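Quick caveat: nothing in here was measured; it's all calculated off a predicted structure. Quick note: numbers below take in every heavy atom, side chains included, and nothing from hydrogens, waters or symmetry partners.
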Amino acid sequence: MSTRIAFLKGHGTENDFVIVPDPENAIDLPPAAVAALCDRRAGIGGDGLLHVVRSAAHPEAEEMAAEAEWFMDYRNGDGSIAEMCGNGVRVFARYLQHAGHVTEGDLAVATRGGVKTVHLAKDGDVTVGMGRARLPEGDVTVSVGERSWPARNVNMGNPHAVAFVDDLADAGDLLSPPPFSPAAAYPDGVNVEFVADRGPRHVAMRVHERGSGETRSCGTGACAVAVATARRDGADPIATGTPVTYTVDVPGGRLLITERPDGEIEMTGPAVIVAEGEIDGEWLAGAAERRRG
């Protein structure tokens with residue numbers, strides 16, 4: 001591990017990330033190192049880590065290199081690998097703009113959830129094409145303490161369970177993953193969203209992200225919430241040919257989610273780079289070793 005490693009810090013609606021630019025995929029970032037960097041007391045702090053790599057240099061992305069130059073090698077705050085992160089894609093695109101790799105307009109970003117289209121607007125907002133939602137069949141239940149709610153199973157390239165509650169406080173502290181059933185519905189764990197109505201096509205949510213705990217925002221979760229709410233409200237753009245947009249308030253801000261008649265979902269919101277500096281490679285190696293030990 002090199003002596004000094006460049007990093008940046010950014011957030012999208014306060015879903016925050018450590019950003020490690022590594023175009024040639026030369027930096028080894030095992031789970032323990034990622035967890036050390038994301039530690040809010042002993043590290044830099046973040047809900048996750050954005051490892052910025054050229055698609056052609058990463059074995060998981062090289063097949064997407066013809067479509068997207070850059071690959072978002074995303075890691076959760078505990079070091080585990082995730083398929084997608086909607087807020088992360090916006091911050092990833094903002095970093096590429098900040099570094100001079102791209103300008104305002106459209107670009108493509110490779111992720112483990114496929115190639116995502118991104119638009120960097122002049123007003124500072126970033127819109128991400130999040131793909132289509134899949135709605136697996138079968139009943140799902142999530143619980144907090146002695147209370148349980150039915151949940152909608154929505155897959156946005158990663159799994160979500162969306163439960164509607166009267167009050168967001170019903171979600172409890174969200175420090176640990178809310179239990180769900182049946183276990184077979186989510187063999188690799190799940191992101192759980194608790195949703196309360198705020199007005200016509202306007203909801204608020206809290207989320208427990210697997211591998212990160214409660215976060216201030218979750219982009220794929222906001223998309224899952226919008227789709228689940230639309231279906232609850234009897235709206236299906238694929239069936240009606242009319243797009244539907246929901247405002248989704250998260251603890252860290254506000255996102256606009258639009259589902260188009262072709263089933264594609266677009267998410268619009270802010271993305272900010274707040275700091276940059278260098279990581280002490282010797283510290284990181286030692287911190288990672290202590291976590292492994």
Check [Y] with [X], please: is the shortest side-chain N to carboxylate O separation under 4.0 Å?
{"X": "E60", "Y": "R112", "answer": "yes"}
{"X": "D39", "Y": "R291", "answer": "yes"}
{"X": "R147", "Y": "D170", "answer": "yes"}
{"X": "D47", "Y": "R40", "answer": "yes"}

Transitively linked via ILVMFWY side-chain contacts under 4.5 Å: [X] with [Y]?
{"X": "I265", "Y": "V126", "result": "yes"}
{"X": "I81", "Y": "V53", "result": "no"}
{"X": "I27", "Y": "F71", "result": "no"}

Evaluate whether atom [atom1] of [X] has more than 12 neighbouring non-hydrogen atoms of other residues, nucleotides or ligands under 6.0 angstrom away.
{"X": "D166", "atom1": "CG", "value": "no"}
{"X": "E63", "atom1": "CD", "value": "no"}
{"X": "D233", "atom1": "CG", "value": "yes"}

**Report entry** Passing option when E193 is tested against H208, H160, R206 for side chain to side chain donor-acceptor pair (under 3.5 Å)
**Finding:** H160
Query - Residue pair H58 / D73, side-chain heavy-atom distance below 4.5 Å - result: yes
Requested in this report: With sequence neighbours excluded, give me every side chain to side chain donor-acceptor pair (under 3.5 Å) pair touching residues 116-125.
Outcome: D106-H119
Answer with yes or no whether the side chains of [Y] and [X] bring together a donor and an acceptor at under 3.5 Å.
{"X": "H98", "Y": "E276", "result": "yes"}
{"X": "H202", "Y": "D249", "result": "yes"}
{"X": "T215", "Y": "E209", "result": "yes"}

Of the non-hydrogen atoms in [X] and [Y], which two are nearest, and what is the gap between them?
{"X": "G86", "Y": "T220", "answer": "N-CG2, 3.7 Å"}
{"X": "E14", "Y": "P251", "answer": "OE1-O, 4.4 Å"}
{"X": "C218", "Y": "N87", "answer": "N-ND2, 3.3 Å"}
{"X": "G88", "Y": "L50", "answer": "O-CD1, 3.7 Å"}
{"X": "G77", "Y": "C38", "answer": "O-CB, 3.6 Å"}
{"X": "P243", "Y": "P237", "answer": "CA-CB, 4.3 Å"}

Requested in this report: Please go through L174's hydrophobic cluster and name the other residues, only I, L, V, M, F, W, Y counting, with side-chain heavy atoms under 4.5 Å joining them.
Outcome: V140, V142, V144, W149, V165, L168, F180, Y186, V190, V192, F194
So, the side chain of [X] versus the backbone of [Y]: is there a donor-acceptor pair under 3.5 Å, distance only?
{"X": "D197", "Y": "G199", "value": "no"}
{"X": "T240", "Y": "T242", "value": "yes"}
{"X": "R94", "Y": "G12", "value": "no"}

Requested in this report: Using the side chain to side chain donor-acceptor pair (under 3.5 Å) rule, take D78 and S80 through it: C-alpha gap first, then chi angles, then the decisive distance, then the call.
Outcome: CA-CA 6 Å; D78 65 355; S80 60; 2.6 Å; yes
Query raised in the report: Should the ring pair F17 and Y74 be called parallel, tilted or perpendicular, given that the plane angle runs from 0 to 90° and is split at 30 and 60?
Result: perpendicular
**Report entry** Residue list, salt bridge (Lys or Arg N to Asp or Glu O under 4.0 Å) with E259, at least two apart or on another chain
**Finding:** R231
Requested in this report: Could you please spell out the steps behind the salt bridge (charged side-chain N to carboxylate O under 4.0 Å, His left out) verdict for E83 and R210?
Outcome: CA-CA 12 Å; E83 303 92 337; R210 58 176 182 169; 2.5 Å; yes
Report task. Could you give me the CA-CA distance, side-chain angles and deciding distance for D16 and K9, then say whether salt bridge (charged side-chain N to carboxylate O under 4.0 Å, His left out) is met? Result -> CA-CA 7 Å; D16 62 334; K9 181 72 182 287; 3.3 Å; yes
Report summary line: CG of L255 to CE of M205, rounded to nearest 0.5 Å, is 8.0 Å
